[in-house]
> 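Here it is: the structure, laid out below.
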Amino acid sequence: MSLDTFHAHLTIDLDALAHNYAALRHEARGAEVAPVVKADAYGLGAAQVASRLWAEGARRFFAARISEGEDLRAALGPDRPATIYVLDGAPSGSADRLEASDLTPVLNSLAQVSEWSSHARATKGGLRAAVQIDTGMNRLGLRLEETKALVQSFDGLRGLSIDLVISHLACASEPAHPANAAQLARFQEARALFPEARASLANSAGVFLGPDYLFDLVRPGISLYGGGPFGVSHPALRPVAHLTAPILQIREIRPGETIGYGATFTAERPTRVAIIAAGYADGVLRSFGKAGQVWLSGAHRKVLGRLSMDMTAIEISHDLVVAPGDPVELLGEHVALDDAASASGTIAYECLVRLAPRLQRTYLGAKA
């Protein structure tokens with residue numbers, strides 16, 4: 001048996017990613033689907049993810065940091081001239097880097113508008129930009145009154161080609177929340193200020209709120225990678241991340257004995273335990289130990305006690321025939337991303353971005 005057998009392994013199914021992209025295109029009803037690949041495509045590899053999505057027809061992508069945009073441009077190369085938007089916008093001193101990698105900033109403040117406009121006028125002019133309007137998130141973006149003053153000013157946007165206006169929904173994962181309708185109304189008002197630009201309001205959850213929220217372009221993230229739009233699995237979406245870890249050892253625990261740090265689990269009866277080679281150093285959240293379940297040999301198995309840095313204990317039946325090296329599923333077909341997140345007291349986003357570099361990775365369905 002190879003020593004590599006005893007490493008936790010992450011398989012990224014790019015065919016499932018392509019399926020989810022197609023499902024979102026169907027739900028978007030003609031609106032362009034522009035994938036969000038920030039944070040290394042939510043931890044799954046921006047280069048591989050964007051390359052496959054380009055093959056599926058995606059031509060616009062969203063990154064958060066300038067460095068992410070630069071890395072994505074290099075990964076896609078000159079033969080795949082995607083439009084790459086940088087959600088951080090154009091911080092002071094960033095204009096040369098943005099232009100050098102042909103990145104489109106999402107301008108979030110009057111200072112950023114001035115930064116990018118001044119650079120455009122000092123160079124070739126006509127530089128492309130997106131504008132973000134804050135409609136209630138109070139995170140990034142111009143206030144509506146700032147935007148109105150900017151559009152009415154003589155040279156506030158001079159030198160720029162505004163091709164997209166966006167905002168971000170704060171409560172889209174709760175479809176009945178009144179903030180959704182309130183933000184929609186504000187965004188419609190803001191959009192009217194840029195009649196020549198396309199408009200984008202919907203994230204993953206927003207795509208499923210109905211046609212009023214779709215506009216010209218949607219920006220899904222978590223649902224591309226298998227997370228449900230409303231915090232639970234969605235039947236149209238497939239898991240992309242499959243995390244398995246091998247059994248290291250099988251133990252018999254007597255009544256009254258405890259497992260792991262803090263002795264948080266005490267056996268009430270003779271208990272058979274498998275120790276698996278995955279812990280919080282692999283990105284399995286430590287809080288997963290409170291209510292987590294894994295999949296082994298056709299059934300869910302309960303996590304026992306606290307996770308360690310490199311190991312997790314699970315309960316197995318006394319008649320189960322398993323051995324060291326046998327794989328245990330922690331994410332995938334039988335342990336849904338949203339279920340693992342709920343068991344950990346968090347959201348699917350965090351479960352993905354915490355997946356650790358030391359995991360051995362395999363990509364299924366990669367395309368050059």
> For the CG atom of Leu243 and the NE2 atom of His9, what is their distance to the nearest 0.5 Å?
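Output value for this atom pair is 10.0 Å.
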> In Å, rounded to the nearest 0.5 Å, how long is the span from OG1 of Thr244 to CD of Gln360?
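It comes to 9.5 Å.
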> More than 12 heavy atoms of other residues, nucleotides or ligands under 6.0 Å from NE2 of His300: yes or no?
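More than 12 heavy atoms, drawn from other residues, nucleotides or ligands, come within 6.0 Å of this atom.
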> Any donor and acceptor pair, going by atom type alone, linking the side chain of His19 with main-chain N or O of Ala236 inside 3.5 Å?
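Looks like yes, one N/O pair under 3.5 Å.
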> Within a strict 4.5 Å, meaning less than it, do heavy atoms of the Ile166 and Ile133 side chains meet?
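The answer is no, as the side chains (C-beta and beyond) never meet within the 4.5 Å cut-off.
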> Give a yes or no answer on whether the side chain of Asn108 reaches the backbone of Leu87 with a donor-acceptor pair at less than 3.5 Å.
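It does hold such a pair.
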> Strictly distance-based, threshold 3.5 Å: is any side-chain N or O of Ser153 a donor or acceptor partner for the main-chain N or O of Leu150?
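At least one qualifying donor-acceptor pair exists.
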> So, for Phe215 and Phe187, is the gap between ring centers shorter than 6.0 Å?
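Close enough - the centres of the two rings lie under 6.0 Å apart.
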> Are any non-hydrogen side-chain atoms of Asp96 and His119 less than 4.5 angstrom apart?
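Result yes, sub-4.5 Å side-chain heavy-atom pair found.
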> Is there side-chain contact between Ser117 and Asp155, with heavy atoms separated by less than 4.5 Å?
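Of all side-chain heavy-atom pairs linking Asp155 with Ser117, none is under 4.5 Å.
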> Might you point out which heavy atoms bring Asn20 and Arg238 nearest each other, and give the distance in Å?
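The pair with the smallest heavy-atom distance is OD1-N, 2.7 Å.
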> State whether the number of non-hydrogen atoms from other residues, nucleotides or ligands found under 6.0 Å of Arg361 atom CZ is greater than 12.
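Yes, enclosed.
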> So does Gly279 get a backbone contact from the side chain of Asp282, meaning a donor-acceptor N/O pair under 3.5 Å?
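The answer is yes, because a donor-acceptor pair under 3.5 Å joins these two groups.
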> Report the C-alpha separation of Asp216 and Ser200 in whole Å, then their side-chain angles, then the decisive distance to 0.1 Å, and conclude whether the side-chain contact (heavy atoms from CB on, under 4.5 Å) test is met.
CA-CA 6 Å; Asp216 304 297; Ser200 176; over 6 Å; no
> What distance separates Asp326 CG from Ser297 OG, expressed to the nearest 0.5 Å?
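It is 6.5 Å, given to the nearest 0.5 Å.
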> Indicate whether the side chain of Gln188 and that of Arg186 have a donor and an acceptor atom separated by less than 3.5 Å.
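Their side chains do not contain a donor-acceptor pair, so the 3.5 Å distance test is not met.
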> Does Lys38 pair with Asp88 as a salt bridge, N-O distance under 4.0 Å?
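No, no charged N to carboxylate O under 4.0 Å.
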> Hey, what else clusters with Val335 if you join Ile, Leu, Val, Met, Phe, Trp, Tyr whenever side-chain heavy atoms sit under 4.5 Å?
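Trp295, all in the cluster of Val335.
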> Do the side chains of Leu140 and Phe62 join up, straight or via other hydrophobic residues, at under 4.5 Å, putting them in one cluster?
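They do not share one cluster, since no chain of ILVMFWY contacts under 4.5 Å joins Leu140 to Phe62.
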> Does Gln293 reach the main-chain N or O of Arg301 with its side chain, forming a donor-acceptor pair under 3.5 Å?
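Checking the backbone N and O of Arg301 against the side chain of Gln293, no donor-acceptor pair under 3.5 Å is found.
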> Is the backbone N or O of Gly93 less than 3.5 Å from a side-chain atom of Glu115, with the two atoms forming a donor-acceptor pair by type?
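Side chain of Glu115 to backbone of Gly93, a donor-acceptor pair under 3.5 Å: yes, one is there.
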> Please say whether more than 12 non-hydrogen atoms of neighbouring residues, nucleotides or ligands are located less than 6.0 Å from CZ in Arg143.
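12 or below, so no.
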> In terms of heavy-atom contacts, does CZ of Arg59 have more than 12 from other residues, nucleotides or ligands at under 6.0 Å?
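Result for CZ/Arg59: enclosed.
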> For the atom pair CG (Leu355) and CG (Leu44), what is the distance rounded to the nearest 0.5 Å?
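Interatomic distance, Leu355 CG to Leu44 CG, rounded to 0.5 Å: 6.5 Å.
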> Does some side-chain heavy atom of Phe265 sit less than 4.5 Å from a side-chain heavy atom of Thr258?
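Counting from C-beta outward, Thr258 and Phe265 never come under 4.5 Å.
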> Are there more than 12 heavy atoms of other residues, nucleotides or ligands under 6.0 Å from atom CZ of Arg354?
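No, because the 6.0 Å sphere around CZ of Arg354 holds 12 heavy atoms or fewer from other groups.
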> In the structure I gave you, are the side-chain heavy atoms of Leu201 and Leu169 within less than 4.5 Å of one another anywhere?
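Heavy-atom side-chain distance check passes, below 4.5 Å.
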> Any donor-acceptor pair under 3.5 Å linking the side-chain atoms of Glu329 with those of His242?
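Checked: His242/Glu329 side chains show no N/O donor-acceptor pair below 3.5 Å.
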> Roughly how far apart are Thr147 OG1 and Phe194 CZ, rounded to 0.5 Å?
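Rounded to the nearest 0.5 Å, the OG1-CZ separation comes out at 6.0 Å.
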> Set out, in order, the CA-CA distance, both residues' side-chain angles and the distance that settles side-chain contact (heavy atoms from CB on, under 4.5 Å) for Leu337 and Leu352, then state yes or no.
CA-CA 8 Å; Leu337 175 60; Leu352 287 185; 3.9 Å; yes
> Are Glu315 and Arg269 close enough for a salt bridge, meaning some N to O gap below 4.0 Å?
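Counted as a salt bridge, because a side-chain N and a carboxylate O are separated by less than 4.0 Å.
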> Under the salt bridge (charged side-chain N to carboxylate O under 4.0 Å, His left out) rule, what pairs show up with a residue in residues 101-112, not counting sequence neighbours?
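Applying salt bridge (charged side-chain N to carboxylate O under 4.0 Å, His left out) to every pair that reaches into residues 101-112, excluding sequence neighbours, yields Arg73-Asp102, Asp102-Arg128.
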> Mark yes or no for whether Thr271, through its side chain, and Ala267, through its backbone, hold a donor-acceptor pair below 3.5 Å.
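Not at all, since once roles are kept as given, no pair shorter than 3.5 Å links the two residues.
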> Is there a path of hydrophobic side-chain contacts, each under 4.5 Å between heavy atoms of I/L/V/M/F/W/Y residues, joining Leu248 to Ile316?
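In one cluster: no.
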> Would you kindly confirm whether Leu144 and Val165 end up in one hydrophobic cluster when ILVMFWY residues are joined by side chain heavy atoms under 4.5 Å apart?
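Yes, it is one cluster - the side chains of Leu144 and Val165 are joined through contacts under 4.5 Å.
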> With side-chain contact (heavy atoms from CB on, under 4.5 Å) as the test, would you mind laying out the steps for Glu32 and Arg198 before giving the verdict?
CA-CA 10 Å; Glu32 182 177 357; Arg198 288 173 301 169; 3.0 Å; yes
> Would you kindly say whether Gln183 and His168 are connected by a side-chain donor-acceptor distance under 3.5 Å?
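No.
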> Please check this pair: side chain of Arg52 against backbone of Gly365, looking for a donor-acceptor N/O pair closer than 3.5 Å.
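Yes.
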> Check the surroundings of atom CD in Glu145: do more than 12 heavy atoms from other residues, nucleotides or ligands lie under 6.0 Å from it?
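Buried by this count: over 12 neighbours within 6.0 Å.
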> Between Leu24 and Leu224, what is the shortest heavy-atom contact and its length?
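Minimum heavy-atom separation between Leu24 and Leu224: CD1-CD2, 3.7 Å.
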> Should Ile247 and Leu359 be counted in the same cluster of Ile, Leu, Val, Met, Phe, Trp and Tyr side chains packed under 4.5 Å apart?
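Yes: a chain of side-chain contacts under 4.5 Å links Ile247 to Leu359.
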> Are side-chain heavy atoms of Val284 and Leu330 found at a separation under 4.5 Å?
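The answer is yes; the side chains approach within 4.5 Å.
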> Could you state the interatomic distance from CD (Glu99) to CG (Leu127), rounded to the nearest 0.5 Å?
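Those atoms lie 5.0 Å apart.
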> Let's go through Thr312 and Ile275 carefully: what are the C-alpha distance in whole Å and the side-chain angles of both, what is the deciding distance for side-chain contact (heavy atoms from CB on, under 4.5 Å) to 0.1 Å, and is it a yes or a no?
CA-CA 6 Å; Thr312 298; Ile275 308 299; over 6 Å; no
> Do Ile222 and Leu14 share a hydrophobic cluster, counting only Ile, Leu, Val, Met, Phe, Trp and Tyr and linking them when any side-chain heavy atoms are less than 4.5 Å apart?
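The answer is yes; both residues are in one hydrophobic cluster.
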> Could you tell me which non-hydrogen atom of Phe288 sits nearest to which non-hydrogen atom of Leu307, and how far apart they are?
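Where Phe288 meets Leu307 most closely, the heavy atoms are C-CD1, 4.1 Å.
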> So which atom in Val86 and which in Ala64 form the shortest heavy-atom distance, rounded to 0.1 Å?
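Scanning both residues, the minimum pair turns out to be CG1-O, 3.3 Å.
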> Do Val322 and Leu296 make a side-chain contact, defined as non-hydrogen atoms from C-beta onward lying under 4.5 Å apart?
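The answer is yes; the side chains approach within 4.5 Å.
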> Quick one: closest heavy-atom pair of Ala129 and Leu107, and the distance?
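Closest heavy-atom pair between Ala129 and Leu107: CB-CD1, 3.8 Å.
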> Between the side chains of Ser161 and Asp163, does any donor sit under 3.5 Å from an acceptor?
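Asp163 and Ser161 do not have a side-chain donor-acceptor pair below 3.5 Å.
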> When you compare the side chains of His234 and Ser223, does any donor N or O come within less than 3.5 Å of an acceptor on the partner?
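His234 vs Ser223: no donor-acceptor pair found between side chains.
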> Would the distance check show the side chain of Asn180 and the main-chain N or O of Glu174 forming a donor-acceptor pair, the cut-off being under 3.5 Å?
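Yes.
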> How about Asp310 and Arg358: do any of their side-chain heavy atoms sit closer than 4.5 Å?
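Sidechains of Arg358 and Asp310: in contact.
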> Please check: side-chain N/O of Arg121 versus main-chain N/O of Trp116, any donor-acceptor pairing under 3.5 Å?
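No; zero donor-acceptor contacts below 3.5 Å.
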> What closest approach, in Å, do Cys171 and Ala179 show between heavy atoms, and which atom pair accounts for it?
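Minimum heavy-atom contact is SG-CB, 4.0 Å.
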> Indicate the ring-plane relationship of Tyr349 and Tyr42, choosing parallel, tilted or perpendicular according to the 30° and 60° boundaries.
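Tilted, since the angle between the ring planes falls between 30° and 60°.
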> Each residue besides Tyr280 in its hydrophobic cluster should be listed here, by chain and number; the cluster joins Ile, Leu, Val, Met, Phe, Trp and Tyr at side-chain heavy-atom distances under 4.5 Å.
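Besides Tyr280, the hydrophobic cluster comprises Met309, listed by chain and residue number.
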